[in-house]
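Every number for a ligand or one of its atoms is a count from 1 in the order of the listing. Throughout, numbering of the chain's residues begins at 1 and tracks the sequence.
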Amino acid sequence: MAKAPSETIYVLNGPNLNLLGIREPEKYGSFTLADVERLCAETAAQYGLKADCRQSNHEGELVDIIHEAHNKKAAGIVINAAAYSHTSIALHDAIKGVNIPTVEVHITNVHARESFRHHSFTAMAAFASLTGFGIEGYRLAISGLAAKIGAKSKNP
Ligand code: DQA
């Protein structure tokens, strides 16, 4: 049976994350985006949630997906806006505008990298940010989001 809208969380991945697996594996590891999305679906299911996973290389499309999350009454958002995290006031404003509990994820520890990665507009709009846990960060983000929205684990 399809989940009620409020049981759906959106998992958004931004530019170049479709290249996971081949992109700088010494930094990002060998996992692919499909692996990340499987991990998110499995983790969400543990809390009775459905993960609607999207990836786009386009800033405006990511803004549109955040608006869609609002229209579909999503319970939460996990976002790795990738390079747009550091540049996009539009994504910051979209997250603020829809007022959906949002967690930011970065696979790498952005604070241990180039200084242009140290500031994040999406982190400013999110209630929490996870950085440097590899793809495990997505699992942690969904667990934290579940706690925030009161979704209980189905496997205590
Ligand atoms: C990233 C970090 C960003 O600085 C970078 O532009 C990315 C990936 C991460 O997940 O570690 O594309 O968001």
Query - Side chain, backbone, both or neither: N80 near ligand 1, heavy atoms under 4.0 Å - result: side chain
Among all the protein's non-hydrogen atoms, which is closest to [atom], and how far away is it?
atom	result
atom 11 (O) of ligand 1	T108 OG1, 2.6 Å
atom 8 (C) of ligand 1	Y28 OH, 3.4 Å
atom 1 (C) of ligand 1	H106 ND1, 3.6 Å
atom 3 (C) of ligand 1	H86 NE2, 3.5 Å
atom 5 (C) of ligand 1	R117 NH1, 3.3 Å

Looking only at side-chain N and O atoms, does [Y] offer a donor or acceptor that is under 3.5 Å from a partner on [X]?
X	Y	answer
E59	N57	no
E104	T122	yes
D35	Y138	no

Say whether [X] and ligand 1 are in contact under the criterion: heavy-atom distance to a ligand atom below 4.0 Å.
X	result
V110	yes
R23	yes
K27	no

Query raised in the report: Does atom OH of Y28 have more than 12 heavy-atom neighbours, drawn from other residues, nucleotides or ligands, at distances under 6.0 Å?
Result: yes
Query raised in the report: Within a reach of under 6.0 Å around CG of N71, are more than 12 heavy atoms found that belong to other residues, nucleotides or ligands?
Result: yes
Query raised in the report: Are the side chain of S85 and the backbone N or O of A82 linked by a donor-acceptor pair below 3.5 Å?
Result: yes
Report summary line: Only one of H119, H118, H106 passes ring-ring contact (aromatic ring centres under 6.0 Å, His included) with H86, and that residue is H106
Query raised in the report: What atoms in ligand 1 come closer than 4.0 Å to a heavy atom of I107?
Result: 9 (C), 10 (O), 11 (O)
Query raised in the report: Less than 3.5 Å between some nitrogen or oxygen of A83 and one of ligand 1, yes or no?
Result: yes
Query raised in the report: So which of N16, L20, N18, I65 actually passes side-chain contact (heavy atoms from CB on, under 4.5 Å) with Q55?
Result: N18
